[in-house]
Amino acid sequence: LAPAGTFAKSIEKDLNRKLAFVNPEAKLFSGKKLLEDLVSRQNSPPIINVLLCLELIAMDVEQSTSKDCLDEYLSTLKIRDRSSTNLKMTMEGTVECHPLALLAMARLATKNEAQRYVKTLLHLYPAAIKWLSDSEKLATQEIQTNLSTSPPTSRFDALSRWMTLKDEDGVHSIAMEELMALTGLEKVKVKAVELFK
């Protein structure tokens, strides 16, 4: 749930057992109590606020309370220079956030925004599918179905599809990499990507 070394192994084990958004069989409020205890400790890691946000959402607590927890986490993020390749662009640079923050943003967002967040989450962190609810997984399948049935119309689409194929299906080809680096030849790139399906 958190970067290695953030929590002691015993706390990590408790979190996995008690958090309702991770373990549907968890006792009601046990995860919330554990997280509130961790938040109250001095120098608690900011990721706890994301976990608390997701737990409150799972408990169906008022959305503004959950959003406050996420906002608390987001306020701790440091802006990096523009040369960094992280998640959230700002006027000053980029911000790097934990993958669970994207999940929290998706669960607090409107349907269209939520799909964008989930799509981004899975593109950057394919293993995050284990955190998705059944309805989020279904929406993700619909997104992937729509992507696979509509042909790419630009270099970005062909390149994006190629990157997805590499990430999800483990395909690799030096020739395809060279083709994607070329300018123009859009129809050729689209057909070449389709051959890998």
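The residues of the chain are indexed from 1 along the displayed sequence.
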> Only pairs at least two apart or in different chains count here, so list each salt bridge (Lys or Arg N to Asp or Glu O under 4.0 Å) that has a residue in residues 3-14.
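Only Asp14-Arg17 qualify under salt bridge (Lys or Arg N to Asp or Glu O under 4.0 Å).
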> Can you sort out the partners of Glu72 under side chain to side chain contact (heavy atoms under 4.5 Å, CB included), two or more places apart, ordered by chain and number?
Asn49, Ser75
> How far apart are the closest heavy atoms of Leu56 and Cys69, and which atoms are they?
CD1-SG, 3.8 Å
> Looking at Leu132 and Lys137, what are the two nearest heavy atoms and their distance?
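Heavy-atom minimum between the residues: O-CE, 3.4 Å.
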> Rounded to the nearest 0.5 Å, how far apart are CG of Leu70 and OG1 of Thr65?
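Those atoms lie 13.0 Å apart.
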> May I have the list of side-chain donor-acceptor pairs in residues 32-39 shorter than 3.5 Å, sequence neighbours left out?
from	atom 1	to	atom 2	distance (Å)
Lys32	NZ	Glu36	OE2	2.8
Asp37	OD2	Arg41	NH2	3.3

> Could you walk me through whether Val22 and Leu15 pass side chain to side chain contact (heavy atoms under 4.5 Å, CB included), step by step?
CA-CA 8 Å; Val22 175; Leu15 288 170; over 6 Å; no
> Atom CG of Leu102 and atom CH2 of Trp131: how far apart are they, to the nearest 0.5 Å?
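So the gap between those two atoms works out to 10.0 Å.
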> Can you tell me how far the CD1 atom of Ile57 sits from the CZ atom of Arg107, to the nearest 0.5 Å?
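Here the interatomic distance stands at 7.0 Å.
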> Are the side chains of Pro99 and Leu124 in touch, meaning some heavy atoms are under 4.5 Å apart?
no
> Please tell me if the side chains of Leu103 and Leu121 come closer than 4.5 Å, counting only heavy atoms from C-beta onward.
yes
> Nearest heavy-atom pair of Phe7 and Pro45: which atoms, and what distance?
CE2-CG, 3.7 Å
> What distance separates Lys191 NZ from Leu179 CG, expressed to the nearest 0.5 Å?
14.0 Å
> Considering non-hydrogen atoms only, spot the tightest contact between Ala101 and Val50 and give its length.
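Result for this residue pair: N-CG1, 3.7 Å.
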> Drop me the distance from Lys67's NZ to Met105's CE, to the nearest 0.5 angstrom.
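Lys67 atom NZ to Met105 atom CE measures 9.5 Å (nearest 0.5 Å).
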> Could you check if a side-chain atom of Lys119 sits within less than 4.5 angstrom of a side-chain atom of Gln115, using non-hydrogen atoms only?
no
> Checking Asp68 now: which residues fulfil salt bridge (charged side-chain N to carboxylate O under 4.0 Å, His left out) with it, not counting sequence neighbours?
none
> Would you list the pairs meeting side chain to side chain donor-acceptor pair (under 3.5 Å) in which at least one residue belongs to residues 53-64, sequence neighbours left out?
Glu62-Ser64
> Would you please name every residue forming a side chain to side chain contact (heavy atoms under 4.5 Å, CB included) with Glu25, sequence neighbours left out?
Asn23
> So, taking the atom named OH in Tyr117 and the one named CG in Asn112, what distance separates them when rounded to the nearest 0.5 Å?
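Reported value, rounded in 0.5 Å steps: 12.5 Å.
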> To check you understand the geometry: which heavy-atom pair defines the closest contact between Val118 and Ala106, and what is its length?
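That closest heavy-atom pairing would be CG2-CB, 3.7 Å.
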> Treating Tyr73 as the side-chain partner and Cys53 as the backbone partner, does any N or O pair qualify as donor plus acceptor under 3.5 Å?
no
> With hydrophobic residues grouped by side-chain heavy-atom distances under 4.5 Å, do Val61 and Leu28 end up in a single group?
yes
